[in-house]
> 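Mind looking over this structure? Questions follow.
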Amino acid sequence: NAIIATGSRPVNIPLFAIDSPRVMNSSEALELDEVPKSLLVVGGGIIGLELGNVYSGLGSEVTVVEMTDALVPGADADLIKPLAARLNRDFKAIHTRTRVTHLEEVNNGIEVHYESNSQQFVETFDRVLLAIGRRPNTDNITIENTKVERNDRGFITVDAQMRTSDANIFAIGDAVPGPGLAHKAAHEGHVAAEVLAGHGAVFDKVVPSVVYTDPEVAWVGLTENEAKQDNRKVDVARFPWAASGKATSIGRTEGLTKIISDPHTHRVLGMGIVGPHAGDLL
């Protein structure tokens with residue numbers, strides 16, 4: 001038997017393929033020798049906002065551009081709203097519905113051309129961070145010599161026991177569909193090992209997600225967005241932290257806790273929190 005746990009790597013797009021140390025991916029952004037005066041983050045998802053938050057805290061002027069309508073696409077808007085409000089104060093600028101069209105190295109940095117609402121803009125930054133996603137490392141392990149199947153994005157297809165379409169091969173982590181999270185990968189590894197040991201383990205796809213920004217955003221289970229997309233009736237209970245004595249005492253009343261439940265059985269289907277230590281609370 002074998003378990004494929006080859007992880008993932010940052011997505012490379014030809015548009016951004018310029019040979020310059022000033023243009024970096026999320027891994028390279030952890031190895032800088034100095035704090036850039038100005039930083040453009042391309043991608044307003046979890047990785048981009050986390051690293052943008054770090055460099056803003058260190059003193060960089062951070063600008064974020066995101067192609068979609070909102071930050072952290074897919075997350076519920078009411079959870080992202082307090083985060084966006086704080087980042088709008090901490091960052092130099094946040095541009096949604098904005099697309100980068102050209103990068104070019106100049107004497108004093110990277111000249112970035114981008115467009116928003118049919119308008120063209122040009123700005124120069126010390127560094128550019130590409131946080132536009134990751135792709136699975138399944139294209140370089142001669143997987144075609146097996147019966148393992150992949151989807152059109154390169155992720156390996158597995159069942160609830162992490163078994164691929166080749167009965168003796170399992171796959172876990174960033175190599176399979178789902179959020180690219182370390183705790184998800186570790187749990188999938190436990191399931192695969194238990195199945196190989198003869199136990200009847202299965203993977204529960206209810207995986208908590210945390211955005212490690214300030215404030216943190218965390219959610220687990222069914223989101224309100226998913227319920228709307230599935231035309232599923234749910235009850236949503238919201239508790240604004242403005243009504244919390246603890247939040248008031250630390251001066252962080254922008255937070256929110258919400259619980260999504262079945263309107264008939266009252267079973268909790270999902271939960272979301274935004275605020276300091278949201279991940280711990282979840």
Side-chain angles (χ1 to χ4, degrees), residues 1-12 25-27 30 45-47 50 72-76 132-212 216-227 229-230 232 234 259-262 265-273 278-282:
N1 298 292
I3 299 175
I4 298 173
T6 46
S8 62
R9 63 186 185 273
V11 169
N12 290 321
N25 60 39
S26 56
S27 299
L30 301 174
I46 294 175
I47 295 175
E50 288 178 342
V72 194
D76 287 345
I132 48 180
R134 300 178 68 86
R135 61 176 297 179
N137 293 325
T138 60
D139 55 347
N140 51 9
I141 55 173
T142 61
I143 205 170
E144 59 275 9
N145 295 334
T146 71
K147 297 177 183 178
V148 173
E149 295 178 358
R150 290 175 291 176
N151 64 19
D152 55 359
R153 297 178 59 199
F155 292 100
I156 295 172
T157 303
V158 293
D159 62 16
Q161 293 188 317
M162 313 314 300
R163 183 182 281 107
T164 71
S165 47
D166 192 316
N168 296 101
I169 300 177
F170 293 67
I172 65 168
D174 286 6
V176 304
L181 301 169
H183 55 273
K184 165 185 171 285
H187 188 60
E188 288 172 339
H190 291 178
V191 170
E194 288 174 5
V195 171
L196 286 171
H199 302 294
V202 295
F203 180 67
D204 184 349
K205 296 189 181 300
V206 180
V207 181
S209 295
V210 184
V211 186
Y212 291 104
E216 290 183 0
V217 183
W219 65 91
V220 67
L222 184 71
T223 67
E224 200 170 355
N225 282 350
E226 291 169 342
Q229 291 169 4
D230 296 341
R232 183 172 183 176
V234 294
I259 293 178
I260 299 168
S261 60
D262 185 285
T265 66
H266 307 299
R267 178 174 182 245
V268 174
L269 305 174
M271 185 178 185
I273 305 177
D280 301 330
L281 291 168
L282 190 85

> Quick one: are N140 and R9 in side-chain contact, heavy atoms under 4.5 Å?
yes
> Would you check if V211 and W219 make a side-chain contact, meaning some heavy-atom pair closer than 4.5 Å?
yes
> Between E216 and L281, is there a side-chain heavy-atom distance shorter than 4.5 Å?
no
> So, the side chain of E149 versus the backbone of T164: is there a donor-acceptor pair under 3.5 Å, distance only?
no
> Kindly give the heavy-atom pair with the smallest separation between V207 and P179, and that separation in Å.
CG1-CG, 4.3 Å
> Okay, side chain of R135, backbone of G154: is any donor-acceptor separation there less than 3.5 Å?
no
> Any donor and acceptor pair, going by atom type alone, linking the side chain of D76 with main-chain N or O of T223 inside 3.5 Å?
no
> Is there side-chain contact between L196 and I3, with at least one heavy-atom pair below 4.5 Å?
yes
> For the side chain of S165 and the backbone of K147, is there at least one donor-acceptor N/O pair under 3.5 Å apart?
yes
> Would you mind listing every side-chain hydrogen bond (donor to acceptor under 3.5 Å, both in side chains) that reaches into residues 151-160, with sequence neighbours excluded?
none
> Are the side chain of N168 and the backbone N or O of A2 linked by a donor-acceptor pair below 3.5 Å?
no
> Could you tell me if the side chain of V217 sits less than 4.5 Å from the side chain of V72, heavy atoms only?
no
> So does R267 get a backbone contact from the side chain of D262, meaning a donor-acceptor N/O pair under 3.5 Å?
no
> With sequence neighbours excluded, give me every ring pair (Phe, Tyr, Trp, His ring centres under 6.0 Å) pair touching residues 171-205.
H187-F203
> Among residues two or more places apart or on two chains, list those pairs meeting salt bridge (Lys or Arg N to Asp or Glu O under 4.0 Å) that have a residue in residues 183-192.
K184-E188
